[in-house]
Amino acid sequence: AERASLAGVRHIVLVLSGKGGVGKSTLSTELALALRGAGKKVGILDVDLCGPSIPRMLRAQDSAVHQCDSGWLPVLAGQEQPIALMSIGFLLERPNDAVVWRGPKKNALIKQFITDVAWGELDFLIVDTPPGTSDEHISTVEALRPYQLLGAVLVTTPQ
Amino acid sequence: SSSSGDEALRDKRARILSRGLPKQKPIEGVKQVVVVASGKGGVGKSTTAVNIALALAANDSTKEVGLLDADIYGPSIPKMMNLKGNPELTPKNLMRPLKNYGIACMSMGFLIEETAPVVWRGLMVMSAVEKLLRQVDWGQLDYLVIDMPPGTGDVQLSVSQNIPIAGAVIVSTPQDVALLDAHKGAEMFRKVHVPVLGLVQNMSVFQCPKCKHETHIFGADGVRDLAKTLGLDILGDVPLHVNIRETCDSGQPVVVSQPQSDAAKAYLKIAMEILRRLPVPPA
(Lines give C-alpha, C1' and ligand atoms only; values in the text may rest on other atoms or scores of the structure.)
Protein backbone atom coordinates (compact mmCIF):
# COMPACT_ATOMS: atom_id res chain seq x y z
CA ALA A 1 0.00 0.00 0.00
CA GLU A 2 2.91 2.35 0.70
CA ARG A 3 4.36 1.82 -2.77
CA ALA A 4 0.98 2.31 -4.43
CA SER A 5 1.11 6.08 -4.77
CA LEU A 6 4.31 6.34 -6.84
CA ALA A 7 4.28 2.80 -8.25
CA GLY A 8 2.99 4.08 -11.60
CA VAL A 9 5.70 6.73 -11.94
CA ARG A 10 8.51 5.67 -14.25
CA HIS A 11 11.14 8.36 -13.58
CA ILE A 12 11.57 10.86 -10.74
CA VAL A 13 13.78 13.90 -11.28
CA LEU A 14 14.81 16.28 -8.50
CA VAL A 15 15.51 19.94 -9.31
CA LEU A 16 17.95 21.45 -6.80
CA SER A 17 20.17 24.46 -6.48
CA GLY A 18 21.33 25.41 -3.01
CA LYS A 19 21.01 29.09 -3.85
CA GLY A 20 17.61 30.71 -3.99
CA GLY A 21 16.18 32.60 -6.89
CA VAL A 22 18.18 30.91 -9.65
CA GLY A 23 15.16 29.52 -11.50
CA LYS A 24 14.36 26.07 -10.07
CA SER A 25 10.59 26.51 -10.28
CA THR A 26 10.83 28.11 -13.69
CA LEU A 27 12.99 25.27 -14.95
CA SER A 28 10.79 22.61 -13.36
CA THR A 29 7.75 24.06 -15.07
CA GLU A 30 9.40 24.48 -18.47
CA LEU A 31 10.94 21.01 -18.25
CA ALA A 32 7.54 19.52 -17.48
CA LEU A 33 5.96 21.35 -20.41
CA ALA A 34 8.77 20.29 -22.75
CA LEU A 35 8.40 16.65 -21.71
CA ARG A 36 4.65 16.85 -22.21
CA GLY A 37 5.28 18.31 -25.65
CA ALA A 38 7.35 15.22 -26.38
CA GLY A 39 4.30 13.10 -25.62
CA LYS A 40 5.13 12.14 -22.03
CA LYS A 41 2.78 12.05 -19.05
CA VAL A 42 4.24 14.44 -16.48
CA GLY A 43 3.67 15.50 -12.89
CA ILE A 44 5.28 18.19 -10.72
CA LEU A 45 5.66 17.83 -6.97
CA ASP A 46 6.35 21.20 -5.33
CA VAL A 47 8.02 20.62 -1.94
CA ASP A 48 8.77 24.31 -1.39
CA LEU A 49 6.37 24.71 1.52
CA CYS A 50 7.32 28.30 2.37
CA GLY A 51 7.37 29.71 -1.12
CA PRO A 52 5.31 27.49 -3.47
CA SER A 53 5.62 28.95 -6.95
CA ILE A 54 4.37 26.09 -9.14
CA PRO A 55 0.59 26.73 -8.89
CA ARG A 56 1.00 30.28 -10.13
CA MET A 57 3.39 29.33 -12.92
CA LEU A 58 0.83 26.98 -14.44
CA ARG A 59 -2.06 29.35 -13.73
CA ALA A 60 -3.59 26.82 -11.36
CA GLN A 61 -3.48 28.91 -8.21
CA ASP A 62 -7.25 28.85 -7.79
CA SER A 63 -7.52 25.07 -7.91
CA ALA A 64 -8.32 22.90 -4.90
CA VAL A 65 -7.15 19.42 -4.01
CA HIS A 66 -9.81 16.69 -4.00
CA GLN A 67 -9.76 13.33 -2.29
CA CYS A 68 -10.33 9.85 -3.61
CA ASP A 69 -10.17 6.37 -2.09
CA SER A 70 -6.42 6.14 -2.40
CA GLY A 71 -5.70 9.60 -1.04
CA TRP A 72 -5.34 13.09 -2.49
CA LEU A 73 -5.84 13.68 -6.18
CA PRO A 74 -3.24 15.86 -7.85
CA VAL A 75 -4.47 19.06 -9.47
CA LEU A 76 -4.54 18.74 -13.25
CA ALA A 77 -3.24 21.72 -15.19
CA GLY A 78 -4.05 22.15 -18.84
CA GLN A 79 -6.65 20.56 -21.11
CA GLU A 80 -4.69 18.34 -23.49
CA GLN A 81 -2.62 15.76 -21.59
CA PRO A 82 -2.77 17.72 -18.30
CA ILE A 83 0.19 17.94 -15.95
CA ALA A 84 -0.45 16.49 -12.48
CA LEU A 85 0.47 18.95 -9.74
CA MET A 86 0.79 18.84 -5.98
CA SER A 87 1.82 21.84 -3.92
CA ILE A 88 1.03 23.34 -0.56
CA GLY A 89 -0.16 26.30 -2.59
CA PHE A 90 -3.40 24.40 -3.28
CA LEU A 91 -3.98 23.67 0.38
CA LEU A 92 -3.80 27.22 1.70
CA GLU A 93 -6.99 29.07 2.56
CA ARG A 94 -5.70 32.19 0.87
CA PRO A 95 -2.77 32.31 -1.55
CA ASN A 96 -0.96 34.83 0.62
CA ASP A 97 -1.15 32.79 3.81
CA ALA A 98 2.32 32.32 5.27
CA VAL A 99 3.45 28.82 6.20
CA VAL A 100 5.67 29.35 9.21
CA TRP A 101 6.49 25.80 10.20
CA ARG A 102 9.42 24.10 11.85
CA GLY A 103 11.08 21.02 10.40
CA PRO A 104 8.98 18.19 11.85
CA LYS A 105 5.72 19.61 10.53
CA LYS A 106 7.25 20.17 7.10
CA ASN A 107 8.58 16.61 7.07
CA ALA A 108 5.14 15.21 7.83
CA LEU A 109 3.51 17.03 4.93
CA ILE A 110 6.23 16.11 2.47
CA LYS A 111 5.81 12.44 3.42
CA GLN A 112 2.10 12.80 2.77
CA PHE A 113 2.74 14.38 -0.63
CA ILE A 114 4.77 11.34 -1.54
CA THR A 115 2.79 8.49 0.01
CA ASP A 116 -0.77 9.78 0.09
CA VAL A 117 -1.19 11.32 -3.36
CA ALA A 118 -2.70 9.23 -6.15
CA TRP A 119 -0.18 10.17 -8.84
CA GLY A 120 -1.34 7.42 -11.22
CA GLU A 121 0.60 6.52 -14.36
CA LEU A 122 3.31 9.07 -15.11
CA ASP A 123 6.42 8.94 -17.27
CA PHE A 124 8.13 11.70 -15.27
CA LEU A 125 7.61 13.24 -11.86
CA ILE A 126 9.60 16.44 -11.43
CA VAL A 127 10.26 17.51 -7.85
CA ASP A 128 10.77 21.25 -7.36
CA THR A 129 12.66 22.00 -4.14
CA PRO A 130 13.19 25.16 -2.05
CA PRO A 131 16.61 26.83 -1.69
CA GLY A 132 19.01 25.44 0.89
CA THR A 133 19.91 21.91 1.94
CA SER A 134 17.55 21.31 4.80
CA ASP A 135 14.53 19.46 6.12
CA GLU A 136 12.62 19.56 2.85
CA HIS A 137 15.52 18.07 0.92
CA ILE A 138 16.42 15.44 3.48
CA SER A 139 12.80 14.35 3.92
CA THR A 140 12.13 14.27 0.19
CA VAL A 141 15.14 12.12 -0.60
CA GLU A 142 14.40 9.79 2.32
CA ALA A 143 10.77 9.37 1.37
CA LEU A 144 11.71 8.75 -2.27
CA ARG A 145 14.34 6.14 -1.45
CA PRO A 146 12.13 3.10 -2.25
CA TYR A 147 11.40 4.50 -5.74
CA GLN A 148 13.24 4.91 -9.02
CA LEU A 149 14.95 8.24 -8.46
CA LEU A 150 16.46 9.03 -11.84
CA GLY A 151 18.66 11.76 -10.51
CA ALA A 152 18.94 15.46 -9.79
CA VAL A 153 19.33 18.51 -11.99
CA LEU A 154 21.31 21.36 -10.43
CA VAL A 155 20.36 24.87 -11.44
CA THR A 156 22.63 27.86 -11.00
CA THR A 157 23.32 31.30 -12.42
CA PRO A 158 26.90 32.33 -13.26
CA GLN A 159 27.15 34.64 -10.21
CA SER B 1 -20.52 35.35 32.65
CA SER B 2 -19.49 32.85 29.98
CA SER B 3 -17.49 35.37 27.91
CA SER B 4 -15.16 36.20 30.80
CA GLY B 5 -14.88 32.44 31.43
CA ASP B 6 -13.85 31.96 27.76
CA GLU B 7 -11.30 34.74 28.04
CA ALA B 8 -9.82 33.26 31.20
CA LEU B 9 -9.57 29.90 29.41
CA ARG B 10 -7.86 31.50 26.44
CA ASP B 11 -5.36 33.34 28.64
CA LYS B 12 -4.59 30.16 30.54
CA ARG B 13 -4.07 28.27 27.28
CA ALA B 14 -1.78 31.00 25.94
CA ARG B 15 0.26 30.96 29.14
CA ILE B 16 0.66 27.17 29.03
CA LEU B 17 1.65 27.19 25.35
CA SER B 18 4.18 29.97 25.85
CA ARG B 19 5.91 28.02 28.61
CA GLY B 20 7.51 25.81 25.95
CA LEU B 21 8.75 28.72 23.86
CA PRO B 22 12.20 30.27 24.29
CA LYS B 23 12.27 33.48 26.30
CA GLN B 24 13.13 36.59 24.33
CA LYS B 25 16.35 38.05 25.67
CA PRO B 26 18.39 40.86 24.11
CA ILE B 27 21.95 40.11 23.00
CA GLU B 28 24.42 41.61 25.45
CA GLY B 29 25.88 44.86 24.20
CA VAL B 30 23.61 45.11 21.14
CA LYS B 31 21.26 48.09 21.17
CA GLN B 32 19.05 47.48 18.14
CA VAL B 33 18.58 44.57 15.77
CA VAL B 34 17.42 45.01 12.17
CA VAL B 35 16.67 41.88 10.16
CA VAL B 36 16.78 41.77 6.37
CA ALA B 37 14.45 39.10 5.00
CA SER B 38 12.40 38.32 1.95
CA GLY B 39 10.62 35.00 1.79
CA LYS B 40 11.93 34.50 -1.75
CA GLY B 41 15.47 33.39 -2.49
CA GLY B 42 17.86 35.25 -4.72
CA VAL B 43 16.25 38.69 -4.51
CA GLY B 44 19.27 40.34 -2.94
CA LYS B 45 18.92 39.99 0.83
CA SER B 46 22.63 39.48 1.47
CA THR B 47 23.67 42.19 -0.99
CA THR B 48 21.18 44.57 0.63
CA ALA B 49 22.09 43.57 4.21
CA VAL B 50 25.79 44.10 3.54
CA ASN B 51 25.31 47.47 1.89
CA ILE B 52 22.81 48.62 4.55
CA ALA B 53 25.27 47.73 7.33
CA LEU B 54 28.00 49.68 5.54
CA ALA B 55 25.64 52.58 4.86
CA LEU B 56 24.61 52.77 8.53
CA ALA B 57 28.30 52.98 9.45
CA ALA B 58 29.07 55.50 6.70
CA ASN B 59 26.15 57.67 7.78
CA ASP B 60 27.47 58.08 11.34
CA SER B 61 31.04 57.07 12.10
CA THR B 62 30.37 57.13 15.84
CA LYS B 63 27.99 54.17 15.51
CA GLU B 64 29.23 50.60 15.81
CA VAL B 65 27.57 48.20 13.37
CA GLY B 66 27.59 44.41 13.30
CA LEU B 67 26.46 41.99 10.59
CA LEU B 68 25.18 38.50 11.32
CA ASP B 69 24.74 36.03 8.51
CA ALA B 70 21.90 33.76 9.62
CA ASP B 71 21.77 31.91 6.31
CA ILE B 72 23.15 28.63 7.60
CA TYR B 73 22.77 26.80 4.29
CA GLY B 74 24.10 29.43 1.91
CA PRO B 75 26.23 31.93 3.80
CA SER B 76 27.12 34.77 1.44
CA ILE B 77 28.49 37.34 3.89
CA PRO B 78 32.10 36.03 4.03
CA LYS B 79 32.53 36.43 0.28
CA MET B 80 30.79 39.79 0.13
CA MET B 81 32.75 41.24 3.02
CA ASN B 82 36.04 39.67 1.84
CA LEU B 83 36.46 37.79 5.11
CA LYS B 84 37.83 34.32 5.65
CA GLY B 85 39.02 32.14 8.48
CA ASN B 86 37.96 30.58 11.74
CA PRO B 87 36.98 32.99 14.50
CA GLU B 88 39.22 33.18 17.56
CA LEU B 89 37.86 32.42 20.98
CA THR B 90 37.93 34.98 23.79
CA PRO B 91 38.96 33.95 27.34
CA LYS B 92 35.21 33.67 28.06
CA ASN B 93 34.89 31.12 25.21
CA LEU B 94 32.94 33.47 22.96
CA MET B 95 33.69 33.71 19.25
CA ARG B 96 35.35 36.93 18.16
CA PRO B 97 33.59 38.39 15.10
CA LEU B 98 35.72 38.97 12.01
CA LYS B 99 35.97 42.62 11.02
CA ASN B 100 36.23 44.40 7.71
CA TYR B 101 35.37 47.95 6.66
CA GLY B 102 34.68 48.57 10.36
CA ILE B 103 31.84 46.05 10.52
CA ALA B 104 31.92 43.11 12.96
CA CYS B 105 30.74 40.00 11.11
CA MET B 106 29.75 36.48 12.05
CA SER B 107 28.63 33.76 9.68
CA MET B 108 28.31 29.99 9.41
CA GLY B 109 30.70 30.45 6.52
CA PHE B 110 33.54 31.09 8.99
CA LEU B 111 32.90 27.80 10.73
CA ILE B 112 32.90 25.42 7.78
CA GLU B 113 34.81 24.81 4.55
CA GLU B 114 33.70 27.08 1.72
CA THR B 115 32.22 24.27 -0.33
CA ALA B 116 30.97 22.07 2.48
CA PRO B 117 27.18 21.79 2.46
CA VAL B 118 25.22 22.09 5.67
CA VAL B 119 22.61 19.38 5.35
CA TRP B 120 20.88 19.79 8.66
CA ARG B 121 17.39 19.38 9.96
CA GLY B 122 15.66 22.24 11.72
CA LEU B 123 16.62 21.23 15.25
CA MET B 124 20.34 21.44 14.57
CA VAL B 125 19.84 24.67 12.72
CA MET B 126 18.14 26.17 15.78
CA SER B 127 21.11 25.38 17.95
CA ALA B 128 23.53 26.79 15.38
CA VAL B 129 21.54 30.03 15.18
CA GLU B 130 21.56 30.29 18.99
CA LYS B 131 25.34 30.00 18.94
CA LEU B 132 25.73 32.63 16.24
CA LEU B 133 23.51 34.97 18.25
CA ARG B 134 24.77 34.46 21.79
CA GLN B 135 28.19 32.82 21.68
CA VAL B 136 29.73 35.80 19.89
CA ASP B 137 31.65 38.62 21.57
CA TRP B 138 29.82 41.39 19.74
CA GLY B 139 31.09 44.10 22.06
CA GLN B 140 29.01 47.27 22.13
CA LEU B 141 26.93 47.59 18.97
CA ASP B 142 24.46 50.30 18.07
CA TYR B 143 23.02 48.20 15.25
CA LEU B 144 23.16 44.51 14.42
CA VAL B 145 21.99 43.77 10.91
CA ILE B 146 20.89 40.15 10.46
CA ASP B 147 20.86 38.65 6.97
CA MET B 148 18.13 35.99 6.98
CA PRO B 149 17.90 32.95 4.72
CA PRO B 150 15.02 32.60 2.26
CA GLY B 151 11.79 31.03 3.47
CA THR B 152 9.62 31.37 6.54
CA GLY B 153 10.79 28.54 8.73
CA ASP B 154 13.05 27.47 11.54
CA VAL B 155 15.67 30.20 11.32
CA GLN B 156 13.16 33.04 11.10
CA LEU B 157 11.19 31.59 14.01
CA SER B 158 14.29 30.96 16.12
CA VAL B 159 15.66 34.44 15.60
CA SER B 160 12.39 36.25 16.29
CA GLN B 161 11.58 34.11 19.34
CA ASN B 162 15.04 34.46 20.84
CA ILE B 163 15.85 38.16 20.58
CA PRO B 164 13.91 41.41 20.45
CA ILE B 165 13.97 42.81 16.92
CA ALA B 166 13.67 46.58 16.38
CA GLY B 167 12.50 46.16 12.81
CA ALA B 168 12.44 44.02 9.69
CA VAL B 169 13.25 45.09 6.15
CA ILE B 170 11.72 42.97 3.41
CA VAL B 171 13.55 42.81 0.09
CA SER B 172 11.80 41.84 -3.10
CA THR B 173 12.11 42.12 -6.83
CA PRO B 174 9.03 43.30 -8.74
CA GLN B 175 8.45 39.75 -10.07
CA ASP B 176 5.07 38.19 -9.24
CA VAL B 177 6.39 35.02 -7.64
CA ALA B 178 8.85 37.06 -5.58
CA LEU B 179 6.05 39.34 -4.40
CA LEU B 180 3.97 36.33 -3.40
CA ASP B 181 6.78 35.18 -1.14
CA ALA B 182 7.48 38.69 0.14
CA HIS B 183 3.85 38.92 1.16
CA LYS B 184 4.25 35.69 3.11
CA GLY B 185 7.41 37.08 4.67
CA ALA B 186 5.54 40.17 5.84
CA GLU B 187 2.72 37.97 7.20
CA MET B 188 5.25 35.89 9.07
CA PHE B 189 6.67 38.94 10.82
CA ARG B 190 3.14 40.01 11.75
CA LYS B 191 2.54 36.56 13.25
CA VAL B 192 5.66 36.78 15.43
CA HIS B 193 5.07 40.45 16.33
CA VAL B 194 8.13 41.90 14.62
CA PRO B 195 7.55 45.43 13.22
CA VAL B 196 8.12 45.61 9.46
CA LEU B 197 9.90 48.87 8.66
CA GLY B 198 9.21 48.64 4.96
CA LEU B 199 10.03 47.05 1.62
CA VAL B 200 13.06 47.42 -0.60
CA GLN B 201 12.37 47.12 -4.32
CA ASN B 202 15.47 45.41 -5.66
CA MET B 203 16.52 44.80 -9.26
CA SER B 204 13.83 47.26 -10.23
CA VAL B 205 15.17 48.22 -13.63
CA PHE B 206 18.10 47.37 -15.86
CA GLN B 207 19.85 50.04 -17.87
CA CYS B 208 21.88 48.88 -20.85
CA PRO B 209 25.47 50.09 -20.35
CA LYS B 210 25.77 50.73 -24.10
CA CYS B 211 22.59 52.42 -25.24
CA LYS B 212 21.14 53.33 -21.83
CA HIS B 213 17.81 51.75 -22.75
CA GLU B 214 15.87 50.76 -19.64
CA THR B 215 14.25 47.33 -19.29
CA HIS B 216 12.14 46.22 -16.35
CA ILE B 217 13.38 42.65 -16.36
CA PHE B 218 11.36 41.57 -13.34
CA GLY B 219 8.35 43.73 -14.05
CA ALA B 220 7.63 47.30 -13.02
CA ASP B 221 6.32 48.65 -9.75
CA GLY B 222 5.18 45.30 -8.38
CA VAL B 223 6.73 46.12 -5.04
CA ARG B 224 4.98 49.46 -4.89
CA ASP B 225 1.62 47.73 -5.34
CA LEU B 226 2.44 45.15 -2.68
CA ALA B 227 3.48 47.92 -0.29
CA LYS B 228 0.12 49.57 -0.81
CA THR B 229 -1.73 46.29 -0.19
CA LEU B 230 0.19 45.65 3.00
CA GLY B 231 0.12 49.25 4.20
CA LEU B 232 3.91 49.39 4.21
CA ASP B 233 6.42 51.97 2.99
CA ILE B 234 8.98 51.54 0.25
CA LEU B 235 12.33 52.23 1.85
CA GLY B 236 14.10 52.44 -1.45
CA ASP B 237 14.59 51.30 -4.99
CA VAL B 238 17.78 49.62 -6.20
CA PRO B 239 18.34 49.09 -9.92
CA LEU B 240 19.81 45.93 -11.43
CA HIS B 241 23.34 47.08 -12.03
CA VAL B 242 26.29 44.90 -12.95
CA ASN B 243 28.39 46.98 -10.54
CA ILE B 244 26.42 45.95 -7.47
CA ARG B 245 26.83 42.26 -8.17
CA GLU B 246 30.48 42.55 -9.28
CA THR B 247 31.55 44.49 -6.23
CA CYS B 248 29.81 42.03 -3.91
CA ASP B 249 31.33 39.04 -5.68
CA SER B 250 34.77 40.60 -5.27
CA GLY B 251 34.25 41.44 -1.60
CA GLN B 252 34.19 45.21 -2.05
CA PRO B 253 30.54 46.20 -1.67
CA VAL B 254 29.52 49.24 -3.64
CA VAL B 255 28.88 51.45 -0.59
CA VAL B 256 32.58 51.35 0.31
CA SER B 257 34.18 50.84 -3.11
CA GLN B 258 32.11 53.39 -5.08
CA PRO B 259 30.45 55.65 -2.53
CA GLN B 260 29.57 58.29 -5.15
CA SER B 261 27.74 55.87 -7.43
CA ASP B 262 23.97 55.83 -7.84
CA ALA B 263 23.85 52.36 -6.32
CA ALA B 264 25.69 53.47 -3.18
CA LYS B 265 23.43 56.50 -2.90
CA ALA B 266 20.38 54.23 -3.15
CA TYR B 267 21.64 52.15 -0.22
CA LEU B 268 22.50 55.24 1.81
CA LYS B 269 18.96 56.47 1.29
CA ILE B 270 17.57 53.12 2.44
CA ALA B 271 19.72 53.32 5.57
CA MET B 272 18.36 56.81 6.30
CA GLU B 273 14.79 55.56 5.86
CA ILE B 274 15.51 52.70 8.26
CA LEU B 275 16.92 55.10 10.86
CA ARG B 276 13.85 57.32 10.54
CA ARG B 277 11.59 54.40 11.35
CA LEU B 278 13.51 52.74 14.15
CA PRO B 279 12.30 53.47 17.66
CA VAL B 280 14.56 55.68 19.80
CA PRO B 281 17.39 53.36 20.91
CA PRO B 282 17.78 52.50 24.58
CA ALA B 283 20.29 54.75 26.37
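The analysis underlying the following values was restricted to heavy atoms, covering all of them including side chains, and did not include hydrogens, waters or symmetry mates. In what follows, chains are A, B, ... by sequence order, proteins preceding strands, each numbered from 1.
Listed by sequence position, B:Asp176, B:Val177, B:Leu180, B:Asp181, B:His183, B:Lys184, B:Glu187, B:Met188, B:Lys191 are the residues of residues 173-205 of chain B in contact with chain A, using a 4.5 angstrom heavy-atom cutoff. Among the residues in residues 242-258 of chain B, those with a non-hydrogen atom closer than 4.5 angstrom to a non-hydrogen atom of chain A are B:Arg245, B:Asp249. Heavy-atom proximity under 4.5 angstrom to chain A picks out B:Val119, B:Trp120, B:Arg121, B:Gly122, B:Met126 from residues 119-126 of chain B. Contacts between residues 40-54 of chain B and chain A, counted as heavy-atom pairs separated by less than 4.5 Å, involve B:Lys40, B:Gly41, B:Gly42.
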Check step by step if side chain to side chain contact (heavy atoms under 4.5 Å, CB included) holds for B:Thr152 and A:Leu49.
-> CA-CA 9 Å; B:Thr152 52; A:Leu49 303 181; over 6 Å; no
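In this structure, the portions of A:Ser139 lying under 4.5 Å from any heavy atom of chain B include both its backbone and its side chain. At a 4.5 Å heavy-atom cutoff, the contact between A:Asn107 and chain B is made by side-chain atoms alone. Within the 4.5 angstrom heavy-atom criterion, only side-chain atoms of A:Lys106, from C-beta onward, approach chain B. Interface residue B:Pro150: only side-chain heavy atoms are found under 4.5 Å from chain A. Proximity to chain B (any heavy atom under 4.5 Å) is restricted, for A:Leu92, to the side chain, taken from C-beta onward.
Other residues, nucleotides and ligands contribute over 12 non-hydrogen atoms within 6.0 Å of the CZ atom of B:Arg134. Other residues, nucleotides and ligands contribute more than 12 heavy atoms inside 6.0 Å of the CD atom of A:Glu142. Enclosure of atom CG in B:Asp225 by more than 12 non-hydrogen atoms of other residues, nucleotides or ligands within 6.0 angstrom is indicated.
Atom-to-atom distance recorded for A:Lys19:NZ and B:Tyr73:OH is 15.0 Å, nearest 0.5 angstrom.
In terms of heavy-atom pairs under 4.5 angstrom with chain B, the leader among A:Gly18, A:Gly51, A:Cys50, A:Pro104 is A:Cys50. Per-residue heavy-atom pair counts under 4.5 Å with chain B were compared for A:Ala98, A:Pro131, A:Gly103, and the maximum is reached by A:Ala98.
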